[in-house]
Every structure is written in structure tokens, then in C-alpha cells.
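Here's the structure, in C-alpha cells; my notes come after.
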Amino acid sequence: MIRTFLCAAALTVASATMALAHDAPGGASKVTLVYEHALPNVPGKSIKGVLVEYPPGGSSPAHTHAKSAFIYATVLEGAVRSQVNDGPATVHRAGESFSEMPGDRHGVSENASHSEPARLLAVFVVDTDDTILTTPDTGK
């Protein structure tokens with residue numbers, strides 16, 4: 001029984017690792033909307049949870065978020081290097097959090113490790129009509 005459980009767990013981990021590698025080619029992050037709900041006491045606003053998974057050495061390109069978005073992010077695993085606007089690049093480790101204000105530019109968003117994966121949960125409070133949460137920075 002234990003052997004069967006361990007084999008099943010190993011297959012699950014292997015499958016998840018292959019899916020991550022497939023979904024995040026070239027070290028890119030994988031982004032998944034995991035929660036979305038209108039706020040009943042704040043008409044026109046919603047909360048959206050986004051899981052961001054970075055493979056070792058992975059990153060997201062510079063970007064901005066919806067103009068209405070306030071973001072509270074918590075690192076779930078590993079360490080994430082983040083730079084907002086012209087502030088310093090800061091490393092946040094598992095259990096630590098940071099926030100982004102509406103209109104902020106996220107210049108650096110990357111796994112701080114080249115050997116371990118990293119994951120973070122970004123919780124957006126955003127206008128319900130905003131369906132595009134992230135826009136790549138074109139450098140203009």
C-alpha cells in the first residue's frame with residue numbers, strides 16, 4: 001500500500017514537473033488565474049488570485065498591470081526578486097509579501113535562484129471590467 005502511494009506521488013511530481021517545463025518554455029514564468037470573485041460590498045470591484053510559477057532561473061518580462069489594480073503578493077515557495085518603478089530590486093522569500101499600487105511598473109520579476117523553483121500568489125483588487133491584468137512593457 002505504501003509502495004503504491006509512493007509510486008503514485010512520484011508520478012504526480014514527474015507529471016507536474018513536465019507540465020511546468022512545457023508551459024514555461026525558455027525559463028518563462030507560468031501564470032494561472034486561480035480565483036475570481038466580485039466584491040459584494042464594493043460595487044464594480046473584484047478580487048482575482050493569480051499563481052505565478054517560476055522555474056529555476058525563470059522570469060517574467062517587465063510589465064504593468066491594469067490601471068485599477070492594487071496587488072498584494074505573497075511568496076509561497078523559494079525566493080522572488082522584484083523591482084517596482086525605480087525602487088531597488090528586492091528579494092522576497094517564502095512567507096514574505098509585497099504590494100504594488102495602481103499604475104506601478106514591475107521592471108523585475110524573477111526567480112532569485114537558478115537551482116530551485118519559486119511560486120507566488122498575487123491577489124488583485126481590480127475593476128470588475130478589467131479583463132487584461134498584465135501588459136508587457138514596450139519600453140516606450
Side-chain angles (χ1 to χ4, degrees):
M1 172 100 170
I2 292 174
R3 186 180 307 190
T4 303
F5 174 76
L6 292 175
C7 288
L11 285 173
T12 301
V13 169
S15 297
T17 303
M18 288 187 293
L20 178 60
H22 180 266
D23 291 333
S29 62
K30 177 183 175 189
V31 178
T32 307
L33 180 66
V34 295
Y35 183 80
E36 182 174 12
H37 188 67
L39 295 174
N41 60 337
V42 187
K45 293 286 186 180
S46 289
I47 187 169
K48 299 181 183 190
V50 176
L51 179 65
V52 183
E53 299 172 278
Y54 299 94
S59 65
S60 298
H63 58 274
T64 56
H65 294 287
K67 291 186 188 320
S68 68
F70 169 79
I71 302 158
Y72 182 79
T74 301
V75 178
L76 303 174
E77 175 186 8
V80 174
R81 182 176 294 107
S82 177
Q83 180 188 28
V84 178
N85 298 322
D86 294 324
T90 306
V91 175
H92 305 278
R93 290 173 171 59
E96 297 178 346
S97 300
F98 60 94
S99 60
E100 295 180 45
M101 301 298 152
D104 280 351
R105 178 183 179 275
H106 205 159
V108 174
S109 181
E110 63 189 9
N111 188 337
S113 172
H114 290 282
S115 61
E116 301 294 326
R119 294 184 309 138
L120 70 82
L121 177 65
V123 178
F124 289 67
V125 176
V126 66
D127 288 348
T128 300
D129 294 339
D130 285 340
T131 56
I132 299 174
L133 297 179
T134 303
T135 304
D137 187 353
T138 60
K140 295 180 182 177

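- Side-chain heavy atoms closer than 4.5 Å link hydrophobic residues (I, L, V, M, F, W, Y) into clusters, and following such links, even through other members, never connects Val123 to Val75.
- Evaluation of the salt bridge (Lys or Arg N to Asp or Glu O under 4.0 Å) test over residues 95-108, restricted to residues two or more places apart or in two chains, returns Arg105-Asp137.
- Under the 3.5 Å distance criterion, the side-chain polar atoms of Ser113 are left unmatched by any main-chain donor or acceptor of Pro56.
- Put simply, OG on Ser46 and CG on Leu39 are 6.0 Å apart, with the number rounded to the nearest 0.5 Å.
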> Which is it for Thr90 and Ser82 under the side chain to side chain contact (heavy atoms under 4.5 Å, CB included) test, yes or no, and what are the steps along the way?
Replying inline: CA-CA 5 Å; Thr90 306; Ser82 177; 5.8 Å; no
>> Could you walk me through whether Val34 and Leu121 satisfy the side chain to side chain contact (heavy atoms under 4.5 Å, CB included) test, starting with their C-alpha distance in whole Å, then the side-chain angles of each, then the deciding distance to 0.1 Å, before giving a yes or no?
In response: CA-CA 9 Å; Val34 295; Leu121 177 65; 4.0 Å; yes
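- Across Pro55 and Ala28, no two heavy atoms sit closer than the pair CD-O, 3.5 Å.
- Comment: Glu53 does not engage Arg119 in a salt bridge, judged by the lack of any side-chain N to carboxylate O separation of less than 4.0 angstrom.
- Hydrophobic cluster membership is shared by Ile47 and Leu51, with clusters built from Ile, Leu, Val, Met, Phe, Trp and Tyr side chains linked at under 4.5 angstrom.
- We find the NZ-CG distance between Lys48 and Leu133 to be 5.0 Å, quoted to the nearest 0.5 Å.
- Here the side chains of Leu120 and Tyr54 are in contact, with some heavy-atom distance below 4.5 Å.
- For the ring-ring contact (aromatic ring centres under 6.0 Å, His included) condition, the pairs that include at least one residue of residues 83-114, sequence neighbours left out, are His63-His106, His92-Phe98.
- Contact record, Ala94 with Leu76: CB-O, 4.0 Å, taken as the closest heavy-atom pair.
- Taking CG of Leu33 as the start and CZ of Phe124 as the end, the distance is 9.0 Å to the nearest 0.5 Å.
- Counting heavy atoms from C-beta outward, Ile71 and Val50 have side chains that stay 4.5 Å or more apart.
- Residues Thr74 and Ser97 bring a donor and an acceptor atom of their side chains to less than 3.5 Å of each other.
- In this structure, Ala79 and Val91 approach most closely via the heavy-atom pair CB-CG1, 3.9 Å.
- Between Ser29 and Val52, the shortest heavy-atom distance links the atoms CB-CG1, 4.0 Å.
- We find the CD-OG distance between Gln83 and Ser109 to be 11.0 Å, quoted to the nearest 0.5 Å.
- Linking Ile, Leu, Val, Met, Phe, Trp and Tyr whenever their side-chain heavy atoms come within less than 4.5 Å puts Tyr35 and Val42 in one cluster.
- Sorted by first and then second residue, the salt bridge (Lys or Arg N to Asp or Glu O under 4.0 Å) pairs involving residues 121-131 (not counting sequence neighbours) are Lys45-Asp127.
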